[in-house]
Amino acid sequence: MVGKRRFWDASVRPAARYESLVVLLAAAALLCSERYIVAALFRHTRNLGWQTPQWSQALEANHKIQEIFPRRLSGTIVMAIEAPSNGTALSADVRAFAQNVSQQVSLDERVRQFHPRVLSYWSDFGELPRSVVSNLDFVSPDRRMTWLLLQPTNIPDNHNFGQANDFLQEFCSSPPPGYNLHITGMPAIATGSGCSSNSHAVVNPQDMSFKCLFYAEVVTTPIALLIMGCLVRHWRLLILPLFSVVLSFGLSAAMLIPWMDHVEVPADGIAAMGSVILALSLDYSLFLLSRFSENHNDKLTLQENVDIIKACTCRTIAVSGVLVAIAFFSGILLPERNLQGTCICLGFAVLACVATNVVFLPAVFVVFGPMLVGNSFLPTWWGDVELAADLADEEERSQRPEADNANWLVIMRVVERAPVAAIALVVLFVWPILSSAPSLHITADRFAMMPLWSPAVLALRNIQDAHFPTGLMSPYEILVTAPDQPDDLVISNEIRSSLEPLGRPELKDLVEKMGLGDLRNALKEGLAGTTTERPGGWPGFVELMRGVTCAQNHTESTPQHPHCSCCPNAFLDCRECDFMDKCESPEMQAALKQFSSGNVSLDEEHLRMLKDCALRAQALDFKASHLKTVGDQLMSSPLEGANLTAPVLDKTILERFPFLVEVVHQVQSLSHKDRGMLLLPSGFAALLELCEDLYRTGGVASMLGPSWLYHQRLDWVFAVGLAVKPELRDGYNLFLQQFAEGKHALLQVHTKFPSIGAMSADWAQEARRVLRAWQHRHPAFQVQLAGGNAEAADTRDEILRAMWTYLIVCVSLIMMVLYLSFQSLLVPLRLALALVFTLLATFGMGVVIYQTTFLHGLFPQLKYFSGITYEVIPLVTGIAIALGLDYDIFLVSRIVEFRMQRYSDRASIFRGRTQIALGMPASDPLWP
């Protein structure tokens with residue numbers, strides 16, 4: 001009978017017992033089916049990334065670049081060899097390793113489809129000046145690390161970076177003896193592959209995030225339960241929070257699944273939901289269990305105990321849960337689908353926690369209450385305090401001990417005596433944190449959402465520490481669109497001024513290194529020896545421009561002469577085409593026949609044309625030409641004022657300067673009408689101005705584009721002069737195919753920092769300011785920024801703008817619910833003030849952690865961050881609101897409850913503050 005009485009408490013009403021049994025049966029059914037519910041939940045999740053807004057300029061630019069330059073350089077892989085302390089990476093073993101990598105890359109079928117180029121310290125850069133690229137660019141300043149760049153030059157349509165990653169990781173197990181090997185790049189980071197310090201692993205970044213979160217919860221949950229045990233004092237009660245967590249997750253999944261056909265939920269949202277359920281469920285369980293234990297110590301019957309919990313604590317939990325759910329459900333106003341789905345998850349998680357704790361735990365108390373409590377395993381300390389109700393009860397209550405903590409009472413008495421001083425002291429104490437909040441730097445750091453211990457990320461950090469320009473792996477891309485050539489354009493005027501760099505003394509070494517000295521000499525000495533007026537200092541300029549004009553007139557084959565195409569045939573072919581077009585026309589053949597018959601009564605225009613054709617025939621040395629038979633007679637004919645066209649380039653000049661054929665072809669190619677003004681001297685000057693402006697922004701290591709080769713600016717005359725040397729000409733023409741298409745030019749900017757890491761979005765915003773200023777100076781050009789973190793910068797701006805709408809709607813709804821719940825205007829205003837204080841303290845602490853060196857000694861990885869990434873701002877805001885409201889609602893509710901029990905204002909505040917303060921330490925460690 002004793003056991004039976006302990007199991008069935010006599011004070012419990014039969015109806016309450018039956019209701020509780022029904023609740024427990026429903027909970028048991030949910031537990032049994034939870035496995036299938038959770039499986040269905042994960043089946044309904046979507047692989048959602050962060051979606052760039054449709055209005056994004058970077059998104060539009062990226063689409064254009066992909067359409068115009070589908071074969072541009074991308075997918076750079078970096079292999080870094082790190083020497084031990086006091087060692088050097090420039091050793092024979094490392095050189096042999098680099099040569100082996102180059103050989104294997106050229107032979108292995110898994111990477112040959114990408115046509116990769118391998119660049120290293122030991123690469124032969126041929127005739128390239130050191131100002132363009134140097135061997136020293138591939139070694140760290142202390143010589144402890146050298147890197148190999150594997151640059152694909154062809155990206156097939158159906159490429160598979162996975163096979164290439166597998167090939168590269170094979171080197172991870174066979175580094176040079178005594179050296180550490182690091183392999184990273186955007187393909188490796190995206191696939192979770194990579195090699196760090198000779199350790200290769202293939203990880204799923206999403207799974208690793210789940211594991212990191214799981215390990216964090218495993219560590220903090222026992223700590224929270226230990227603190228809860230100190231407060232609840234009955235160890236059997238500690239079993240209930242674990243059941244509450246499991247049931248809350250199952251109920252949340254069951255509530256969420258019907259909505260997942262309408263709202264896309266990411267897998268990360270489920271992880272966040274689990275973390276919030278663990279924290280919030282234990283939080284609510286703590287308040288219920290501590291209240292149950294408190295009422296039990298007050299010698300209340302079980303039914304009285306449960307009735308008080310339902311009337312007071314459960315009501316407070318319900319109000320708190322509604323407010324927290326509003327904070328999360330308001331996230332549907334954010335424009336990002338990823339955030340919308342996650343906020344929906346968290347909203348249902350809050351409702352599930354409220355339902356579980358408000359319904360399940362009281363039912364357990366009713367059925368198993370006598371079994372859950374017994375002798376306390378910790379003693380209860382009773383303090384000697386003077387907290388009375390009204391005056392009539394003061395003497396009676398002063399004789400009864402109060403269960404308050406002495407330390408908190410001391411603090412509360414100090415606050416009571418000097419409230420203003422206490423407030424000032426608290427504000428002064430936290431002022432460094434509060435004042436830091438306005439300086440919060442909101443980044444778009446994509447590495448902040450990746451596991452820090454991913455091999456590819458660790459490798460990137462090691463390479464970054466060696467001062468390697470990591471932006472090379474994912475460059476920013478700038479698309480420049482030039483205007484059309486005007487009808488009145490005089491190309492010779494465009495080109496004349498661009499020859500000036502050839503004569504500048506400071507560029508003499510570069511001119512000679514690139515082989516432009518011969519071109520300079522040819523232009524200075526003259527090309528045809530004629531007396532035609534020429535621009536000062538460049539006697540050969542007119543002849544050069546005649547060749548360009550000739551080439552431009554014959555860039556297309558004609559039905560009459562299909563072989564007459566100046567490009568890529570030699571320059572002499574152009575003159576032959578010119579002769580055929582002008583001297584073998586029916587009109588000229590008729591004039592020639594009339595002249596040959598002895599009839600010299602031709603008009604002066606026809607005679608001039610015949611003489612011009614005779615000169616062309618002589619220049620081309622047409623032995624079989626019928627013009628030769630009458631050449632002498634034709635040339636002796638008197639023609640006053642005749643302006644005969646001299647041969648453009650005779651054989652003597654071509655034998656002396658054979659490269660002039662290619663120079664003419666290069667000028668013609670750059671000045672073709674299809675290219676508009678892009679590659680004319682004025683277009684080059686505009687591009688160079690843009691490059692120099694970008695360099696002045698800071699953080700730029702190198703650039704690639706028609707007017708810039710890594711570290712070297714490329715004037716128009718240098719681009720033309722590259723045709724002098726075949727090895728430079730072919731390389732530049734291939735390079736130009738990657739970065740110039742019609743009127744469009746592509747400029748790739750390599751930053752010193754990771755282009756998707758810290759400070760990247762801010763650089764993108766500064767670059768856009770530079771681009772707008774440049775376009776204002778060159779209104780005929782259009783310029784757009786893409787690549788790197790340009791799209792993430794647009795997403796960040798959209799999220800931050802939407803946060804104001806989120807806060808206004810969220811706070812308005814919360815204050816409305818608070819007013820309806822407490823019928824008081826002061827409570828919502830007081831909670832709004834507390835909410836502002838909480839947010840300022842939260843983000844101020846973020847500044848201290850992520851934007852100062854305060855914790856770098858304990859957490860070295862913090863040095864790679866310069867703020868809080870925009871992805872977590874909405875979630876942090878929602879959780880800060882949830883925590884602030886949660887504790888404040890319980891505090892205000894306990895104070896109101898004690899006041900309704902006829903305690904004085906002072907006693908109500910003291911007792912409420914003390915009870916709530918004891919519960920906070922147990923739930924704080926659980927919040928993510």
Given C691 and L747, is the side chain to side chain contact (heavy atoms under 4.5 Å, CB included) satisfied, shown in steps?
-> CA-CA 9 Å; C691 293; L747 180 64; 3.8 Å; yes
Should E766 and R769 be marked as a side chain to side chain contact (heavy atoms under 4.5 Å, CB included) after you check the CA-CA gap, both sets of side-chain angles, and the distance that decides it?
-> CA-CA 5 Å; E766 177 65 16; R769 185 192 64 78; 2.4 Å; yes
Between K64 and E67, does a salt bridge (charged side-chain N to carboxylate O under 4.0 Å, His left out) hold up when you go through it step by step?
-> CA-CA 5 Å; K64 288 184 179 180; E67 179 182 353; over 6 Å; no
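With contacts defined as side-chain heavy-atom distances shorter than 4.5 Å, the pair Y806/P874 does not qualify. Taking 4.5 Å as the limit, every side-chain heavy atom of L687 sits out of range of all side-chain heavy atoms of W708.
By the salt bridge (charged side-chain N to carboxylate O under 4.0 Å, His left out) test, R675 is found to be paired with no residue, residues two or more places apart in sequence or in another chain being considered. Partners of R461 by salt bridge (charged side-chain N to carboxylate O under 4.0 Å, His left out), not counting sequence neighbours: none found. For D762, the salt bridge (charged side-chain N to carboxylate O under 4.0 Å, His left out) partners two or more places apart in sequence, or in a different chain, are R796. Annotation: side chain to side chain donor-acceptor pair (under 3.5 Å) contacts of Q737 (sequence neighbours excluded): none. Shown here are the ring pair (Phe, Tyr, Trp, His ring centres under 6.0 Å) partners of H744, two or more places apart in sequence or in another chain: there are none. For H115, the side-chain contact (heavy atoms from CB on, under 4.5 Å) criterion is met by T153, N154, not counting sequence neighbours. Evaluation of the salt bridge (charged side-chain N to carboxylate O under 4.0 Å, His left out) rule for D797 yields no partner, not counting sequence neighbours. Remark: Y121 engages no residue in a ring pair (Phe, Tyr, Trp, His ring centres under 6.0 Å) (not counting sequence neighbours). Qualifying side chain to side chain donor-acceptor pair (under 3.5 Å) partners for S439, counting only residues two or more places apart in sequence or in other chains: none.
Open room surrounds CD on Q57; 12 or fewer heavy atoms of other groups in view lie less than 6.0 Å from it. Atom CZ of R117 is surrounded by 12 or fewer heavy atoms from other residues, nucleotides or ligands within 6.0 Å. With a 6.0 Å radius and a threshold of 12 heavy atoms from other residues, nucleotides or ligands, W55 has its CH2 atom above the threshold. For Y850, the OH atom sits in a loose shell: 12 or fewer heavy atoms of surrounding residues, nucleotides or ligands are nearer than 6.0 Å. Counting non-hydrogen atoms of neighbouring residues, nucleotides and ligands closer than 6.0 angstrom, the OH atom of Y710 reaches no more than 12 such neighbours.
Residue pairs meeting the salt bridge (Lys or Arg N to Asp or Glu O under 4.0 Å) criterion with at least one member in residues 693-706, sequence neighbours excluded: D693-R696, D693-R777. Residue pairs that meet the salt bridge (Lys or Arg N to Asp or Glu O under 4.0 Å) test with at least one member in residues 732-758, sequence neighbours left out, are D484-K743. Residue pairs satisfying the salt bridge (Lys or Arg N to Asp or Glu O under 4.0 Å) criterion with at least one member in residues 782-791, sequence neighbours excluded, are absent.
Classified by interplanar angle (parallel below 30°, tilted 30° to 60°, perpendicular above 60°), the ring pair H778/F781 is perpendicular.
Here the closest heavy-atom approach between residue I189 and residue A456 is recorded as CG1-CB, 3.6 Å.
In this structure, D445 contributes its side chain and I868 its backbone to no donor-acceptor pair below 3.5 Å.
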